[in-house]
Amino acid sequence: MEQDLPGGARLVVGVDESPAARWALAWAIGAARLHRMAIVAVHVSRAPVHPFPEALPVQHAIRAGEEARCAEVIEGVFEDVAGGIPDDVTTVVVARVGDPGYHLVDLAREGDLLVLGRGRRGLVSRIFLPSTSMYCARHARTTVVIVKQPTPPDDPEMSEARGRRFWTRRHP
């Protein structure tokens with residue numbers, strides 16, 4: 001599901017089901033209201049697709065199904081963050097299949113803001129999945145805003161011991 005993209009300055013927001021993406025979407029909604037900008041909400045599925053979709057007739061159906069699922073993901077995240085797509089902000093939903101970084105950089109043009117969330121990732125995730133936010137920061141032709149997922153207040157990282165090195169002892 002892809003509508004015509006609005007003209008002028010836009011907020012291109014990468015949306016997925018992660019908590020960091022929800023924070024980025026919330027930030028983008030506030031910035032869009034403040035600066036009267038349109039939001040282009042983008043979800044890119046990493047589903048494996050054939051490089052030449054014409055070669056396999058079933059590939060078109062798989063791509064269409066993935067794009068429909070992407071649109072559902074975007075609507076669900078908007079529902080969680082703002083109670084639905086806001087009426088006071090022009091919003092366009094873009095669903096793509098492929099590499100998220102490539103498609104986000106491709107959609108963002110000069111004068112836009114590219115908004116992404118950055119959460120905490122485990123070692124395995126960092127090794128096998130490239131960071132979309134780092135790819136966009138390196139390759140985008142526009143301003144990139146990376147919204148970091150806040151640390152919950154009851155997280156052990158927020159304790160007094162956070163700044164201490166492992167070799168220092170705590171003296172009473």
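Heads up: numbering here begins at 1 and tracks the sequence.
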**OP:** Decide whether Leu107 and Met134 are clustered together by the hydrophobic rule: side chain heavy atoms of Ile, Leu, Val, Met, Phe, Trp, Tyr closer than 4.5 Å, transitively.
**Re:** no
Original post:
Are Tyr135 and Val97 linked, directly or through other ILVMFWY residues, by side chains that come within less than 4.5 angstrom of each other?
Top reply: no
**OP:** Could you tell me whether the side chain of Thr91 and the main chain of Val89 form a donor-acceptor pair under 3.5 Å?
**Re:** yes
Original post:
When rounded to the nearest 0.5 angstrom, what distance separates CD1 in Ile29 from CD1 in Ile85?
Top reply: 9.0 Å
**OP:** Step through the shown structure and confirm whether more than 12 heavy atoms of other residues, nucleotides or ligands are within 6.0 Å of OH on Tyr102.
**Re:** no
**OP:** Indicate if Val105 and Leu116 have the same hydrophobic cluster label, given that clusters are the connected sets of ILVMFWY residues with side-chain heavy-atom separations under 4.5 angstrom.
**Re:** no
Subject >> Separation of Leu114 CG from Ser133 OG (nearest 0.5 Å) >> reply: 10.0 Å
**OP:** Could you walk me through whether Arg46 and Asp99 pass side chain to side chain contact (heavy atoms under 4.5 Å, CB included), step by step?
**Re:** CA-CA 6 Å; Arg46 290 184 188 261; Asp99 178 48; 4.0 Å; yes
Original post:
Which atoms form the tightest heavy-atom contact between Arg118 and Ser131, and what is the distance?
Top reply: NH1-OG, 3.6 Å
**OP:** Kindly determine whether Trp27 and Val13 satisfy side chain to side chain contact (heavy atoms under 4.5 Å, CB included), including the steps that lead there.
**Re:** CA-CA 10 Å; Trp27 186 92; Val13 185; over 6 Å; no
**OP:** Would you check, one step at a time, whether the test side chain to side chain contact (heavy atoms under 4.5 Å, CB included) holds for His43 with Glu17?
**Re:** CA-CA 9 Å; His43 179 74; Glu17 294 151 327; 5.5 Å; no
Original post:
Quick one: CG on Leu25 to CG on Asp80, what's the gap to the nearest 0.5 Å?
Top reply: 10.0 Å
**OP:** Evaluate the side chain to side chain contact (heavy atoms under 4.5 Å, CB included) criterion for residues Gln149 and Arg22: first the C-alpha distance (whole Å), next the side-chain angles of each, then the deciding distance (0.1 Å), finally the verdict.
**Re:** CA-CA 9 Å; Gln149 175 185 347; Arg22 294 173 196 277; over 6 Å; no
Original post:
Is it true that Arg69 and Glu66 make a salt bridge, defined as a side-chain N closer than 4.0 Å to a carboxylate O?
Top reply: yes
Original post:
Distance-only, no hydrogens or angles: does the Arg141 side chain make a donor-acceptor pair with backbone N or O of Ala108 under 3.5 Å?
Top reply: yes
**OP:** Answer yes or no: is there a side-chain heavy-atom contact under 4.5 Å between His35 and Leu11?
**Re:** no
Original post:
Atom CD of Glu110 and atom OG1 of Thr143: how far apart are they, to the nearest 0.5 Å?
Top reply: 9.5 Å
**OP:** Check whether more than 12 heavy atoms from other residues, nucleotides or ligands sit under 6.0 Å from atom CG of Asp87, and answer yes or no.
**Re:** no
Original post:
Does any non-hydrogen side-chain atom of Pro6 lie less than 4.5 Å from one of Val40?
Top reply: yes
**OP:** Work out which heavy atom in Val144 is nearest to a heavy atom in Ala137; give both atom names and the distance.
**Re:** CG2-CA, 4.3 Å
**OP:** Please round to the nearest 0.5 Å and tell me the distance separating atom CZ of Arg36 and atom CG of Asp88.
**Re:** 9.5 Å
**OP:** Report the residue from Asp112, Leu113, Thr142 that forms a side-chain contact (heavy atoms from CB on, under 4.5 Å) with Val12.
**Re:** Asp112
Original post:
Looking at CD of Glu75 and SG of Cys70, how far apart are the two atoms once the value is rounded to the nearest 0.5 Å?
Top reply: 11.5 Å
